[in-house]
Amino acid sequence: MGGHYRGAVRFFDHLRARLSWWDGRIRSLLFDLVAALITIRFGVNLETALTVPNVGLLIAAVLAFVVRRRFPWLPVVATAGLATFTGPAAAASVAAYTMARRRGPSTQLWVAGGLLAAVMTAHTYQQFPQDLHIYAIASAATAGVAMLLGLWVFQRKMLLVTFRERAEQAERERDLLAERAVAAERRRIAREMHDVVAHRCSVISLQAGALTLTAPDERTGEVAEVIRKTSATALTELRSMLRVLREDENDGPGEMSGELASDPTLSSIRRLVADSVESGENIRLDLPDPLPETSSEVGRAAYRVVQESLTNAAKHAPHAAVHVEVTAEDGDLVVTVSNRRAPGTGSDAVPGSGYGLIGMRERVTLAGGALRNGWAEDGGYRVRAVFPLQ
């Protein structure tokens, strides 16, 4: 069934290509054929036309009027030939309309109009010499009305083309203005992040470094060193983010869609968990050996899922046991982060922005994966993200 359908589609595509002279439509060809037959038949005297030269001339005239859209001069020539034994009024009207419709107010139109007027005048003089002025005026008026109608259709088409070009230009200008607005907003966000977040992180890093040198005991020095390293990592990632915001996405190789050399990957999860453990959190990590090969987008999204999940666990379930598991199952990368319920009441939990899970879901979706989160059967909380490896 599908083969027959594709064959029919190919047939109509080829047919449409062959009908380019009639705008790719069969009905246009049929219309021109019927119009040509009616035009040629109008005014033909069968008693004088049934000769071999005249029949050949009639067939050639029909073909000329059928292809008038592609060759508008042929109906004009055919009208001059038909005037030797038929009334040229109908043929001249169609020829004048075709020339005006296809060529517009050009020199070709005026030359063709003069030729048609001369043909009709000569035919009128031959047939009705006593009433030449009456029939000549009537014939010229008929052809003139047809020519004016063709000019009106031509001008209407040109007007539509102009409107379409203006609409396309307006759309391009609107897209350009939108891109400029986005670029300006990105630079504004970059300035705000640099002035506020970068300054605060720098202060935290400096204070933690000073505390590391003047710590009253070893444990305080270790915690201060973890804070300093975390602040330094945050500053590095912030600089990468600011670079993405300030530069175009396609400025350099390897930076498509904001991808930079300092972006985290799947292997960065081990360092992330180690830093959290050094700060005193109870985290168990299970990673496959060797790590599966992933795209940079999937690796970055998996890292952000673990990072956001550990942050949420530290805020809402402090000192609770957390299990991070990364596995490769049936061509998919599965990242699971689960934590038990906090041992305390949770009244000292750090307030959040409310956008962590939303941003996590957006990252997973953009990487082609799926995210599920919610309460587990043991009373804890579980986040599970599945990414395609291929």
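Heavy atoms only: backbone and side chains are in, while hydrogens, waters and symmetry mates are out.
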Would you name the heavy atoms of [X] and [Y] that are closest together and state the gap between them?
{"X": "Ala91", "Y": "Thr79", "result": "O-OG1, 3.4 Å"}
{"X": "Thr214", "Y": "Ala210", "result": "OG1-O, 2.9 Å"}
{"X": "Arg361", "Y": "Asn373", "result": "NH2-OD1, 2.7 Å"}
{"X": "Pro388", "Y": "Gly368", "result": "CD-O, 3.3 Å"}
{"X": "Gln108", "Y": "Trp73", "result": "OE1-NE1, 2.9 Å"}
{"X": "Val326", "Y": "Pro288", "result": "O-CD, 2.8 Å"}

Would you tabulate the side-chain donor-acceptor contacts of residues 172-182 under 3.5 Å, counting partners in other chains and residues two or more places apart, or write 'none'?
from: Glu173; atom 1: OE2; to: Gln169; atom 2: NE2; distance (Å): 3.4

Nearest 0.5 Å, what's the [atom1]-[atom2] distance between [X] and [Y]?
{"X": "Ile204", "Y": "Arg228", "atom1": "CD1", "atom2": "CZ", "value": "13.5 Å"}
{"X": "His323", "Y": "Leu285", "atom1": "NE2", "atom2": "CG", "value": "7.5 Å"}
{"X": "Arg304", "Y": "Leu272", "atom1": "CZ", "atom2": "CG", "value": "9.0 Å"}
{"X": "Tyr97", "Y": "Trp152", "atom1": "OH", "atom2": "CH2", "value": "9.0 Å"}
{"X": "Leu159", "Y": "Lys157", "atom1": "CG", "atom2": "NZ", "value": "13.0 Å"}
{"X": "Glu297", "Y": "Phe387", "atom1": "CD", "atom2": "CZ", "value": "9.5 Å"}

Is there a side-chain contact between [X] and [Y] (heavy atoms, below 4.5 Å)?
{"X": "Ser338", "Y": "Glu325", "result": "no"}
{"X": "Met99", "Y": "Leu116", "result": "no"}
{"X": "Asp332", "Y": "Thr327", "result": "no"}
{"X": "Val145", "Y": "Leu149", "result": "no"}
{"X": "Leu160", "Y": "Arg156", "result": "yes"}
{"X": "Asn312", "Y": "Leu357", "result": "yes"}
{"X": "Arg102", "Y": "Arg69", "result": "yes"}
{"X": "Met360", "Y": "Ser309", "result": "yes"}

Verdict with supporting geometry, Val67 and Leu63, side chain to side chain contact (heavy atoms under 4.5 Å, CB included): CA-CA 6 Å; Val67 297; Leu63 294 178; 5.8 Å; no
Please indicate whether [X] has more than 12 foreign heavy atoms, meaning atoms of other residues, nucleotides or ligands, lying under 6.0 Å from its [atom1].
{"X": "Glu185", "atom1": "CD", "value": "yes"}
{"X": "Asp286", "atom1": "CG", "value": "yes"}
{"X": "Phe71", "atom1": "CZ", "value": "yes"}

Consider only side-chain heavy atoms of I, L, V, M, F, W and Y, link residues closer than 4.5 Å, and tell whether [X] and [Y] are in one cluster.
{"X": "Val119", "Y": "Leu74", "answer": "no"}
{"X": "Leu57", "Y": "Leu37", "answer": "yes"}
{"X": "Leu58", "Y": "Val62", "answer": "yes"}
{"X": "Tyr303", "Y": "Val298", "answer": "yes"}
{"X": "Val383", "Y": "Leu287", "answer": "yes"}

Subject >> Step-by-step side chain to side chain contact (heavy atoms under 4.5 Å, CB included) determination, Ser231 to Gln207 >> reply: CA-CA 10 Å; Ser231 302; Gln207 295 294 334; over 6 Å; no
With Ile269 as partner, the option from Leu310, Val306, Val305, Leu291 fulfilling side chain to side chain contact (heavy atoms under 4.5 Å, CB included) is Val306
From the list Leu33, Asp32, Val94, side chain to side chain contact (heavy atoms under 4.5 Å, CB included) with Phe65 holds only for Val94
Test side chain to side chain contact (heavy atoms under 4.5 Å, CB included) on Leu266 and Leu333; report intermediate values, then the result.
CA-CA 10 Å; Leu266 192 62; Leu333 178 70; 4.1 Å; yes
Using side chain to side chain contact (heavy atoms under 4.5 Å, CB included), reason through Val273 and Val277 one step at a time and then give a plain yes or no. CA-CA 6 Å; Val273 173; Val277 170; 4.1 Å; yes
